[in-house]
Amino acid sequence: MRAAVLHGIGKILLEERPRPEPGPREVLVRVASVGTCGSDVHYYEHGRIGDFVVESPLVLGHEASGTVVVSGPGVGRELVGQRVSVEPGTPDFTCRQCRAGRYNLCPRMRFFGTPPIDGAFCEYVVVREEFAYPVPGSLSDDAAALIEPLSVGVWACRKARVEPGARVLVTGAGPVGLLCMQTALAFGATDVLVTDVNPVRLRVARDLGASETLDVRENPLSDAGFEPDVLLECSGQPSAIGQAIRAVERAGRVVLVGMGGDEIPLPLAHVQTRELEVTGTFRYAGTWPAAIALAAAGRVQLDALVTGHYGLAEVEQALTAGARDPELVKAVVRPQE
Ligand SMILES: NC(=O)c1ccc[n+]([C@@H]2O[C@H](COP(=O)([O-])OP(=O)(O)OC[C@H]3O[C@@H](n4cnc5c(N)ncnc54)[C@H](O)[C@@H]3O)[C@@H](O)[C@H]2O)c1
Ligand SMILES: [Zn+2]
């Protein structure tokens, strides 16, 4: 099969590799669509994210969909021929976190496109059968791939306990913020204010249902008079985080989705006197069924985020498109084209 392989900073080569074979309880998926994510761009540009360092050739890409073509031994369901959305991280299923249902926190997680585990910018991937989720015909291949970032939004809204009638502030209108916003609306939030510094992305947010948008370069959040019950922080910008926390209503929930710096100033008195709950999120656990249902019901728009398609020979263009084009939201790689 063909695979786009990262060979050091800024260097991706198209290679022939043996097609992987599904082991026990695994299926082989012919990859149809793979979304590009900020983390793929980061590994391509810097060769590392925190403690995860690219030390040997690596296939990036973790937002994948495709069709099951082979079932390994012991696969319980008839999956061959099914179109599926791929959940890209396999935990060990046995550690304390896994047994408590928090498998996203498994210290032995093997996650696509995270060194040293290869991802999906290639023609075929092997997946645990439970992590290949059949999708209805109404979902496009791209939408089935974007169930992955949608899952980040579903997990964030669950952690934030977004309720019907909730007022929600989403800081950052990148793909993750746009999906957190849509999920919050689908969970019943009625007032969702989205902030960014990019007017194109704020327009997309309005098109996708944001109640209000704010360009924080022009108007400070503190002047907006918006006191949300929930903050979904999706910019990862330290400067945005403190401002946003200061806006949150008493007993509100703050979910830090964006990954910015290791240490940021926290408006502690505000957190204490208002009894805010502050939590981080790391990926998701058990979100695929809900995310697929929301997308299939049309409650969340996924295809609307896709702003460009690239072949396997064009993965570098896909990963650098954002730097060239401020209108870009989500570039998608189609390995079979
Ligand atoms: N917690 C997790 O499991 C998880 C999963 C996926 C992504 N992430 C993180 O979520 C964040 C968002 O991901 P993305 O793919 O949407 O990234 P992105 O870079 O496309 O989006 C970030 C957005 O924030 C905007 N922004 C910059 N400064 C701002 C400010 N002061 N106020 C408001 N907005 C501002 C940017 O213009 C951009 O549109 C990233 O930090 C990413 O690492 C976390
Ligand atoms: Zn585990």
Side-chain angles (χ1 to χ4, degrees), residues 35-43 45-46 49-50 52 62-63 88-111 113-114 146 148-160 169-182 193-205 213-222 224 231-245 247 255-262 264 279-285 287 305 307 319 321-323 325-331:
T36 60
C37 165
S39 63
D40 299 316
V41 176
H42 208 275
Y43 281 123
E45 289 178 348
H46 303 283
I49 296 180
F52 290 99
H62 59 266
E63 304 177 353
T90 309
D92 66 6
F93 297 103
T94 59
C95 73
R96 211 173 131 199
Q97 297 301 334
C98 282
R99 282 182 290 149
R102 300 183 293 256
Y103 66 82
N104 57 318
L105 302 180
C106 175
R108 281 176 292 278
M109 175 70 87
R110 296 165 54 86
F111 198 88
T114 302
L146 299 187
E148 199 275 347
L150 175 55
S151 281
V152 174
V154 170
W155 188 244
C157 287
R158 282 187 184 161
K159 290 279 268 194
L169 170 61
V170 178
T171 44
V176 169
L178 292 168
L179 290 168
C180 279
M181 173 206 90
Q182 294 193 65
L193 170 66
V194 180
T195 68
D196 205 292
V197 293
N198 176 337
V200 177
R201 289 190 160 183
L202 290 174
R203 194 193 65 221
V204 177
T213 59
L214 183 70
D215 187 333
V216 290
R217 285 174 317 179
E218 290 167 0
N219 297 296
L221 184 58
S222 52
L231 164 62
L232 303 174
E233 203 304 303
C234 301
S235 76
Q237 292 296 319
S239 60
I241 298 171
Q243 295 286 319
I245 290 176
V255 176
L256 303 174
V257 183
M259 294 172 170
D262 253 358
I264 58 155
T279 182
T281 53
F282 190 51
R283 301 176 181 148
Y284 35 66
T287 48
L305 300 187
T307 44
L319 294 180
D325 176 9
E327 307 234 340
L328 180 119
V329 180
K330 181 67 83 175

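Sequential numbering from 1 along the given sequence is applied to the chain's residues. Remember, it's 1-based here, ligands and their atoms both numbered in the order they're listed.
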Closest protein heavy atom (residue, atom, distance) for atom 17 (O) of ligand 1
Pro175 CD, 4.5 Å
Between Asp196 (side chain) and Arg201 (backbone), is there a donor-acceptor pair under 3.5 Å?
no
Sub-3.5 Å N/O-N/O distance, Val176 and ligand 1:
yes
Got more than 12 heavy atoms from elsewhere within 6.0 Å of CZ, Arg217?
yes
Shortest heavy-atom approach to atom 19 (O) of ligand 1 - which of Arg201, His42, Glu148:
Arg201
Using the side chain to side chain contact (heavy atoms under 4.5 Å, CB included) rule, take Leu169 and Leu221 through it: C-alpha gap first, then chi angles, then the decisive distance, then the call.
CA-CA 10 Å; Leu169 170 61; Leu221 184 58; 3.8 Å; yes
Taking the Zn ion (ligand 2) as the vertex, how big is the angle to SG in Cys95 and OD1 in Asp92, rounded to 10°?
120°
Over all heavy atoms of both residues, which pair between Ile49 and His42 is shortest? Give the atoms and the distance, please.
CG1-ND1, 3.5 Å
Is Met259 close to ligand 1, meaning an N/O of one under 3.5 Å from an N/O of the other?
yes
Please report the shortest heavy-atom distance between Thr287 and Ser151, naming the atom on each side.
OG1-OG, 2.9 Å
re atom 10 (O) of ligand 1, the protein heavy-atom contact at minimum distance is Gly258 CA, 3.5 Å
Would you mind telling me if ligand 1 is within reach of the side chain of Val216, the backbone, both or neither, using heavy atoms under 4.0 Å?
side chain
Would you check whether Cys37 reaches within less than 4.0 Å of ligand 1, judged by its heavy atoms?
no
Counting each atom of ligand 1 from 1 as listed, which ones have a heavy atom of Ala240 under 4.0 Å away?
30 (C), 31 (N), 32 (N)
Suppose I only count heavy atoms of Phe282 and a 4.0 Å limit; which atoms of ligand 1 are within that range?
3 (O)
Thr281 neighbourhood, listing ligand 1 atoms whose heavy-atom distance to it stays under 4.0 Å:
1 (N), 2 (C), 3 (O)
Any idea which protein heavy atom is nearest atom 37 (O) of ligand 1, and the distance to it?
Asp196 OD1, 2.6 Å
pair Glu327-Arg203: side-chain heavy atoms closer than 4.5 Å
yes
Relative to atom 28 (N) of ligand 1, which among Gln237, Lys330, Glu63 owns the nearest non-hydrogen atom?
Gln237
How close does the nearest protein non-hydrogen atom get to atom 8 (N) of ligand 1, and which residue and atom is it?
Val257 O, 3.8 Å
Taking the side chain as C-beta and beyond, is there a heavy-atom pair between Pro91 and Gln97 under 4.5 Å?
no
Can you list the atoms of ligand 1 that are under 4.0 Å from a heavy atom of Arg283?
2 (C), 3 (O)
Are the side chains of Met181 and Leu232 in touch, meaning some heavy atoms are under 4.5 Å apart?
no
Per-atom contacts of ligand 1 with Ser235, taking only distances under 4.0 Å to non-hydrogen atoms
24 (O), 26 (N), 34 (N), 35 (C)
Heavy-atom donor-acceptor pair, Thr195 side chain to Leu214 backbone, under 3.5 Å
no
Main-chain N/O of Thr307 paired with Lys330 side-chain donor or acceptor, under 3.5 Å:
no
Of Gly174, Cys234, Ser151, Ala156, the one whose closest heavy atom lies nearest atom 12 (C) of ligand 1 is Cys234
Tell me whether the count of non-hydrogen atoms from other residues, nucleotides or ligands lying under 6.0 Å of CZ in Phe111 goes above 12.
yes
